[in-house]
Trainee: 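Quick one: the structure is below, and I'll ask about it shortly.
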Amino acid sequence: MSKAVVDLPPKGGFSFDLCRRNDMLAKKGVNPPSFRKTGTTIVGLIFQDGVILGADTRATEGPIVCDKNCEKIHYMAPNIYCCGAGTAADTEAVTDMVSSQLQLHRYHTGRESRVVTALTLLKRHLFSYQGHVQAALVLGGVDVTGPHLHTIYPHGSTDTLPYATMGSGSLAAMAVFESKYKEGLTRDEGIQLVAEAICSGIFNDLGSGSNVDICVITKGHKDYLRNHLLPNPRTYISEKGYPFPKKIEVLLTKITPLKEKVEIIEAGDAMEE
Amino acid sequence: MQFTDAKLLPDASSCSLDSERTLYPYVTGTSVVAFKYRDGILMAADMGGSYGSTLRYKTVERIKPIGQHSLLGASGEISDFQEILRYLDELILYDNMWDDGNSLGPKEVHNYLTRVMYNRRNKFNPLWNSLVLGGVKNGQKYLGMVSMIGVNFEDNHVATGFGNHLARPILRDEWNENLSFEDGVKLLEKCMRVLLYRDRSAVNKLQIAKITEEGATIFPPYSLKTFWGFEAYKNPTIGAEGSW
């Protein structure tokens with residue numbers, strides 16, 4: 001009797017094949033390398049005319065700050081943006097993927113993307129990976145049905161809220177929101193409150209730091225305020241300068257201005273239509 | 001044939017000495033928030049004693065006056081707090097018996113508590129509490145904290161448990177040295193309200209206590225007003241049918 005090897009098509013979802021090996025290795029003291037996480041404070045709130053999203057800019061690798069000024073507010077659609085906390089690779093990959101899916105969907109339907117579409121695509125993906133894709137997201141946007149703000153947890157559950165915070169600095173930011181949020185905020189009040197909440201996370205949480213990024217989305221228009229606030233400037237610069245010891249002789253000085261050699265393309269978001 | 005029974009070897013987990021040390025807390029109190037204000041120290045704690053995830057006791061006084069000059073607030077295991085109160089009772093009693101006109105101030109009581117907590121932790125039998133000690137003596141205000149492992153420090157505003165994450169950011173922004181009593185109470189209420197919204201073991205029944213040069217006053221319990229009237233809460237998933 002011949003044993004027919006049935007080649008099953010890949011079913012998608014997480015493949016748990018290597019888990020036994022990893023467990024065995026962990027018991028022997030060989031731990032997997034730690035991930036690049038985005039520590040993080042991310043917030044969102046709904047104001048009078050739309051949604052404001054905010055994020056800090058520190059990315060950590062264990063105890064080290066590996067990126068002082070990273071971008072945590074990701075583009076999903078011209079009217080939808082998403083902040084990501086958790087493992088940096090996971091948030092980038094998942095938002096990129098859903099952004100592409102939304103683009104294809106826009107071509108297919110000929111209509112502006114809706115926030116619930118992005119929400120459903122994200123939550124279905126995250127749930128099918130049972131929490132192993134560690135992305136905690138704050139999704140906000142304005143579509144034909146109005147402004148929306150959602151939080152999405154790594155296991156795939158979602159919440160629809162007027163104000164939301166995620167990440168390690170979420171409690172510090174939530175303390176600010178709970179004491180100061182009210183409905184019907186104007187654009188400036190909203191930006192001020194979001195900046196305050198992110199600063200609370202930056203100064204009270206060790207996983208968050210550096211600068212404040214803000215994105216304001218209203219009907220038909222968005223403002224991506226990169227580095228809206230820089231509350232951690234480099235203040236100490238040695239007055240003596242950094243002189244070389246005199247023994248080093250300068251043999252030749254040649255300065256080539258690179259600007260003439262490179263053609264600079266007009267700055268603009270390459271992803272946008 | 002005789003085999004040595006491995007179970008007869010001394011093993012910490014199987015011998016009865018386990019029942020003589022605290023392994024987990026059972027009835028716990030949640031955060032305490034305190035800060036210095038113009039005339040002394042203001043402290044607040046709610047009156048809840050949780051038994052795991054049940055809110056078992058709702059009239060637990062977690063702030064007590066110690067001697068003439070101090071207030072002690074505690075979070076964590078309530079029975080250990082009562083034990084600490086007995087130790088302090090004895091301490092104050094002996095101090096009074098000297099009858100020398102001197103009385104133990106907050107700094108001294110704080111030091112005593114630190115020693116007690118640290119020594120218990122070294123014996124692997126901790127008193128499962130985070131203590132806040134505040135007081136005024138000879139015009140000097142003092143506010144300190146001791147944790148269950150013996151970490152102690154002094155600061156202008158302290159909080160235990162969840163208060164560290166939710167109340168301290170607010171205090172760092174809005175505290176200043178010359179708060180009046182009314183402003184101090186407003187600030188305390190702001191912190192306790194956020195804790196009420198976001199800490200699952202918080203109860204809406206809190207006590208505020210103040211201590212000044214004149215003495216300690218623990219005010220009767222009352223509850224905070226909360227606001228749930230956001231438009232967005234009325235029909236949250238109107239835009240996203242099927243989600244929550």
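In what follows, chains carry the letters A, B, and so on, assigned in the order in which the sequence lines appear, proteins first and then strands, with residues in each chain numbered from 1. Computation of the quantities below employed the complete heavy-atom set of this structure, encompassing side-chain atoms and omitting hydrogens, waters and symmetry-equivalent molecules.
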Trainee: Does B/Arg121 CZ have over 12 foreign heavy atoms under 6.0 Å away?
Mentor: yes

Trainee: Is the CG atom of A/Leu206 crowded by more than 12 outside heavy atoms at less than 6.0 Å?
Mentor: no

Trainee: To the nearest 0.5 Å, what is the distance between OH on A/Tyr163 and CZ on B/Phe230?
Mentor: 4.5 Å

Trainee: Can you confirm whether more than 12 heavy atoms, excluding those of A/Arg124, are under 6.0 Å from its CZ atom?
Mentor: no

Trainee: Which heavy-atom pair separates B/Pro169 from A/Asn204 by the least distance, and what is that distance?
Mentor: CB-ND2, 3.2 Å

Trainee: Looking at A/Lys180 and B/Glu174, does any basic side-chain N land under 4.0 Å from a carboxylate oxygen?
Mentor: yes

Trainee: If you measure from CD on A/Glu183 to CZ on B/Phe227, what distance do you get to the nearest 0.5 Å?
Mentor: 6.5 Å

Trainee: Please indicate whether B/Tyr51 has more than 12 foreign heavy atoms, meaning atoms of other residues, nucleotides or ligands, lying under 6.0 Å from its OH.
Mentor: no

Trainee: Should B/Phe162 and A/Leu171 be marked as a side chain to side chain contact (heavy atoms under 4.5 Å, CB included) after you check the CA-CA gap, both sets of side-chain angles, and the distance that decides it?
Mentor: CA-CA 9 Å; B/Phe162 254 95; A/Leu171 282 91; 3.3 Å; yes

Trainee: When you look at CZ of B/Phe219, are more than 12 heavy atoms from neighbouring residues, nucleotides or ligands closer to it than 6.0 Å?
Mentor: yes

Trainee: When rounded to the nearest 0.5 angstrom, what is the spacing between OG1 in A/Thr165 and CZ in B/Arg198?
Mentor: 6.5 Å

Trainee: Should we count NE2 of A/His74 as having more than 12 external heavy atoms under 6.0 Å?
Mentor: yes

Trainee: Do you know which of A/Ser200, A/Ser179, A/Cys199 has the most heavy-atom pairs under 4.5 Å to chain B?
Mentor: A/Ser179

Trainee: Has A/Arg114 got more than 12 heavy atoms of other residues, nucleotides or ligands less than 6.0 Å from its CZ?
Mentor: no

Trainee: To the nearest 0.5 angstrom, please state how far the CG atom of B/Leu166 sits from the CD atom of A/Glu178.
Mentor: 9.0 Å

Trainee: Nearest 0.5 angstrom please: A/Phe177 CZ to B/Tyr197 OH, how far?
Mentor: 15.0 Å

Trainee: What part of B/Arg193 lies closer than 4.5 angstrom to a heavy atom of chain A: side chain, backbone, both or neither?
Mentor: neither

